[in-house]
Each structure stands twice: as structure tokens, then as C-alpha cells.
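None of the values given here were measured: they were computed from a predicted structure.
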Amino acid sequence: MDLKLFFDPISDGINVDQLPSSAIAHSFYINQGQMPELDGRDIGIIGLQESRGAEAVHQEGIKSSCTEIRKRLYELKKGSGNLKVVDLGNFRNGPELPDTYQRLQEVCAYLMEHGVLPVLIGGSHDLDLGQYQAYENQEKLITVLNVDNKLDLGDPKSDLPSAAHIHRIFKHDPNFLFSYYQLAHQSYLVEAKEAELLEKLYFEAVRLGVVKENIKDLEPIVRDADMMSFDISALQAHYCPGAVDSKVYGLTGEEACQLCWYAGLNDKLSSIGFYDYDVLKDTDDRKTAFVIATMIWYFIEGFYNRKGDKNFRSNDYLIYEVSLGGEPSSIKFYKSKISEKWWMEVPHPEATSGFLRSRMVPCNYSDYEMALEGEVPNRWITTYSKFV
């Protein structure tokens, strides 16, 4: 694939040479007129300018969102590690909105095939359709994590694409969605039938109030995701006044950065997108762009602190089998000797290979303690329910 056909260089208004030597931009390989090589790169930043899926009032402000995010990201200081991050530039829109989805699918799939994790910045939230469809040919079932103040389960035939994209993900054919998590929605913004649909599908929705009780309890959910889609409208308007649908209530900037740190640490996660930033709604000092840039910074830091928690048949894990005396008769727990994180094995009743195989479900030590008391953890039950 010739990536030059899909991208324009970053904006002329960003002068990397004028940034201090300590700025993180000097550790990036940036498309400033010449497409950088992908070989040896870990992360690929994609600037999105597509806004036709959003309300007309927000479309102009969304178009330039990736440039404002870049400006703030490039100014941040380099963290630890040897960064191998490439900024591919600004993604070219297709003639029609579905063409943009298709092009984004092709590019994200190509990057993942070459071991490069796409980080999508800017654009309307419906662009996660292209992000999701990039997994179509990976011959595996995936888990999607969406962070948003609403569920976006509108009718694709009558509602805006940005209000119905999750519905389209659920209906996509072929279906390769195994599990779906929704974080930080606000109950008074959600129709009862939408919440009921998620429950019926054995998908997990964690409302804002529960998220705020103890965000550390959500780490296993983030660790279970292959793909993460982050609508910045999930943050409080105080932190992100430039979010398309910003509200008084929501996540704090610190909480959002914590989730991004967890996402970066997740060895399983292979793409992430940050959507729905309207520059024209933002403050003059671009407070929202700074918050998003900081979230991306924490994701990158987390990525370069990954522990390699993938091969559960290696000697890097302690295995604890808890007898329950009922159904199931026992549950196997795995604890990483390196990261000290926990998983539980949920066997497929017809397990062979490929799609029909056991699932390693991230969990907390508290789930292990629950099993010791003779109780089956809720996430084990919901995972097994999807098999049968």
C-alpha cells in the first residue's frame, strides 16, 4: 500500500523546528512533506478531518481538530523510553462519507498487519466504524471499549451517523464482535431501551457514577479491549469545553488520562481513537486540545511500559484452580509474575480452535477471592453466556 495516496502532510502552521529540544515532537517521525517509513515503528498517528457524520453546526470546528491536538501534543515533554512513533499526517476524506470509512478501514488494517498501532485523532465519532471494520480480516472475535456520555445506538436510517455508529457496529456483517464495554455514560442521557439492549446482548455498560467510585476497578475492562473509541464528550465541560456534546458532569481530565494509561499498558489493544472535538467551541487557549494531547501522552507512556502479558502457556504465570462444587466445577485463575495482573479462563463448551476457544478474561484479585467463597464472578458468567 502506498500511504502517500491517503495522507496530506501536517499543517504548515506547525513548525517542529521551533519547539524546544525536549519536546516530544522531536522523537516522532513526522510527515512534513515526505511520508516516513513504517519499518520499525510501533505507533502511527492519523489526523482525521472528516466531519460529515456530525451535526452541521459542529462540522467546521471538527475539520481542524487534529491540527490543534497536534500543536498541544508536540509541545509536551518526551517521557521515558525510545519512542518509535510516526505521524502519518492528515487523512484524506473520501468523496462520500462511506468512502472515508472504507479508506480508514484499509489504512488501519494495513498498519496493524505491519505491527503499527493506529492512534486516530480528531474527526466525528462515527469514524470508529472504519476503525472497527479494520479488524474484519483478522480471523478472530474482538472486544470493543467505548467511552462516551451517551450510547449512540440510534437508528442508522434516520439518525445522524455520529448518533448511530455503535448500532451499526452491532449490526455489521460479518459479525466479529465478541464483547463490548461502554464506560462513563450518563443515565439521564440514555433511553431505557438502549440500556436494555446492551444487557440482552450480555454487553457491559458502566455508568459514570460507578466509574467515579473507584476507577482502578475498571482496569480489567480496559485490559480486555482490542479496540478503544473515546468520545471526549465523556469529559466534564470544565475540562473539555470544546467537546461536541460537553456536559457539566463527566470524567475529570485525570480520570481520562488514567483510562488512557491503562489502555496503553494493554498488550491486547491494537487501535485507539479520540473523537468529537470542535475547535470552534474551545477556549482561546485550547484547553480541550491540551487535555486530549495529555491523554494521548499517557497512552504512549503506557504503551512503552507494556509487560508482554500474552502467552498464558509460558512460565510467566502462576495458575490457581479454585474448586466450586457446582457449575462450573472449577475456575482457573492466572496471575502474571511480571505485572501481577489477574485473568480467569472461561472455557468454550465446544472448544477446539479459532473462534471456538477458551477466553482469557482480565479480572481483579477480588474475583479470585469471590471464587474462594464459592461464588462465580459476574464477568465469568457473562462471558460464558455469550458462548451458549
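Closest of all the heavy-atom pairs between Pro118 and Met112 is CD-CG, 3.8 Å. The two residues Leu235 and Thr252 come nearest to each other via the heavy atoms CD2-O, 4.1 Å. What you find for Ala293 and Leu76 is that their closest heavy atoms are O-CD1, 3.7 Å. Nearest heavy atoms, Cys240 versus Ile232: CB-O, 4.2 Å. Scanning both residues, Lys212 and Glu255, for their nearest heavy atoms gives NZ-OE1, 2.8 Å. Scanning both residues, Glu345 and Ile331, for their nearest heavy atoms gives O-CG2, 4.4 Å.
Summarising the geometry, atom CG belonging to Asp309 is positioned 3.5 Å from atom OG belonging to Ser339; distances are rounded to the nearest 0.5 Å. A distance of 10.0 Å separates CG of Leu177 from CG of Asp226, quoted to the nearest 0.5 Å. With rounding to the nearest 0.5 angstrom, the CD1 atom of Ile166 is 11.5 Å from the CG atom of Leu197. Rounded to the nearest 0.5 angstrom, Ser124 OG and Gln49 CD are separated by 12.0 Å. Rounded to the nearest 0.5 Å, atoms CG (Asp231) and CG (Leu183) are 13.0 Å apart. Here the CG atom belonging to Leu3 is positioned 11.5 Å from the CD atom belonging to Glu106, to the nearest 0.5 angstrom.
Side-chain atoms of Asp245 and Ser233 include no donor-acceptor pair closer than 3.5 Å. In summary, the side chains of Lys78 and Ser22 do not present any donor paired with an acceptor at a separation below 3.5 Å, with no hydrogens or angles considered. Side chains of Gln59 and Glu55: no donor on one and acceptor on the other come within 3.5 Å. Asn364 and Arg379 are not linked by any side-chain donor-acceptor pair at a separation below 3.5 angstrom, with hydrogens and angles left out of the test. Checking Ser336 against Lys307 by side-chain atom types alone, no donor-acceptor pair falls below 3.5 Å. With 3.5 Å as the limit, one finds no donor-acceptor pair spanning the side chains of Asn82 and Tyr304.
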Test side chain to side chain contact (heavy atoms under 4.5 Å, CB included) applied to Val206 and Glu204, step by step
CA-CA 7 Å; Val206 185; Glu204 190 168 346; 4.1 Å; yes
Pair Tyr181, Asp224 - check side-chain hydrogen bond (donor to acceptor under 3.5 Å, both in side chains), show working.
CA-CA 9 Å; Tyr181 296 104; Asp224 198 25; 2.8 Å; yes
Going through the checks in order, is the side-chain hydrogen bond (donor to acceptor under 3.5 Å, both in side chains) test met by His167 and Asp152?
CA-CA 7 Å; His167 191 157; Asp152 291 349; over 6 Å; no
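Atom NZ of Lys337 is surrounded by more than 12 heavy atoms from other residues, nucleotides or ligands within 6.0 Å. Other residues, nucleotides and ligands contribute at most 12 non-hydrogen atoms within 6.0 Å of the NZ atom of Lys332. Shown here is Tyr74, whose OH atom has more than 12 heavy atoms of other residues, nucleotides or ligands within 6.0 Å. Heavy atoms of other residues, nucleotides or ligands lying less than 6.0 angstrom from CG of Asn378 number 12 at most. Within 6.0 Å of CG on Asn214 lie more than 12 heavy atoms contributed by other residues, nucleotides or ligands. The number of heavy atoms from other shown groups lying within 6.0 Å of CG (Asp155) is above 12. The number of heavy-atom neighbours closer than 6.0 Å to CD of Glu199, taken from other residues, nucleotides and ligands shown, is 12 or below. In Asp284, the CG atom is not crowded: 12 or fewer heavy atoms of neighbouring residues, nucleotides or ligands sit closer than 6.0 Å.
Remark: side-chain polar atoms of Asp8 are not paired, donor with acceptor, to backbone N or O of Phe91 under 3.5 angstrom. Side chain of Gln131 to backbone of Met228: a donor-acceptor contact under 3.5 angstrom is found. At least one donor-acceptor pair under 3.5 Å links the side chain of Thr100 to the backbone N or O of Gly94. A donor-acceptor pair is defined here as one N or O able to donate and one able to accept, closer than 3.5 Å; such a pair exists between the side chain of Arg41 and the backbone of Glu37. Of the possible donor and acceptor atoms, none in the side chain of Ser323 sits under 3.5 Å from a partner among the backbone N and O of Gly325. Checked by atom type and distance alone, the side chain of His185 never pairs as donor or acceptor with a backbone atom of Asn149 at under 3.5 Å. Side-chain atoms of Lys268 do not come within 3.5 Å of backbone N or O of Arg223 as any donor-acceptor pair. Between the side chain of Asn305 and the main chain of Glu301, a donor-acceptor pair closer than 3.5 Å is present. His172 places no side-chain N or O within 3.5 Å of a backbone atom of Leu129 that could act as its donor or acceptor partner. In this structure a side-chain-to-backbone donor-acceptor pair under 3.5 Å is present from Arg103 to Asn93.
Cluster partners of Tyr334, using a side-chain heavy-atom cutoff of under 4.5 Å among ILVMFWY residues and allowing indirect links, are Phe312, Tyr317, Ile319, Trp343, Met360. Under the 4.5 angstrom side-chain criterion for Ile, Leu, Val, Met, Phe, Trp and Tyr, Met370 has no cluster partners at all. Think of Ile62 as one node in a network of Ile, Leu, Val, Met, Phe, Trp and Tyr side chains linked at under 4.5 Å; its network also takes in Val244.
Applying the ring pair (Phe, Tyr, Trp, His ring centres under 6.0 Å) test to residues at least two apart or on different chains, the pairs with a partner in residues 187-241 are Phe170-Phe203, Tyr180-Phe203. Listed by first and then second residue, the ring pair (Phe, Tyr, Trp, His ring centres under 6.0 Å) pairs involving residues 243-276 are His125-Tyr275 (not counting sequence neighbours). Counting only residues at least two apart or on different chains, no ring pair (Phe, Tyr, Trp, His ring centres under 6.0 Å) pair has a member in residues 208-228.
Pro36 has its side chain within reach of Asn31: a pair of non-hydrogen atoms, C-beta onward, lies under 4.5 Å apart. Contact annotation: the side chain of Glu340 approaches that of Lys335 to within less than 4.5 Å [non-hydrogen atoms, C-beta and beyond]. With a 4.5 Å cut-off on side-chain heavy atoms, Met1 and Phe6 count as touching. Between Leu324 and Ser330, every side-chain heavy-atom pair lies at or beyond the 4.5 Å cut-off. Two residues are said to be in side-chain contact when any heavy atoms from C-beta on lie closer than 4.5 Å; Leu280 and Asp282 fail this criterion. Side-chain contact between Ser179 and Thr383 is absent, with no heavy atoms from C-beta onward closer than 4.5 Å.
Taking the charged nitrogens against the carboxylate oxygens, Arg52 and Glu50 do have a contact shorter than 4.0 Å, which makes a salt bridge. Under 4.0 Å is where a charged nitrogen must lie from a carboxylate oxygen, and between Lys63 and Glu60 at least one such pair does.
Tested against Leu120 for a side-chain contact (heavy atoms from CB on, under 4.5 Å), the candidates Leu127, Leu104, Ile272 yield a single pass: Leu104.
Figure legend: Arg92 and Phe7 shown without cation-pi pairing, the cationic atom not lying both under 6.0 angstrom from the six-membered ring centre and within 45 degrees of its axis.
Using the six-membered ring where Trp is involved, Tyr384 and Trp380 have ring planes that are parallel, under 30° apart on the 30 and 60° scheme.
Note: Tyr320 and Trp342 meet the aromatic proximity criterion, with ring centroids under 6.0 Å apart.
Clustering ILVMFWY residues whenever any of their side-chain heavy atoms sit less than 4.5 angstrom apart, transitively, puts Ile46 in a cluster other than the one holding Leu83.
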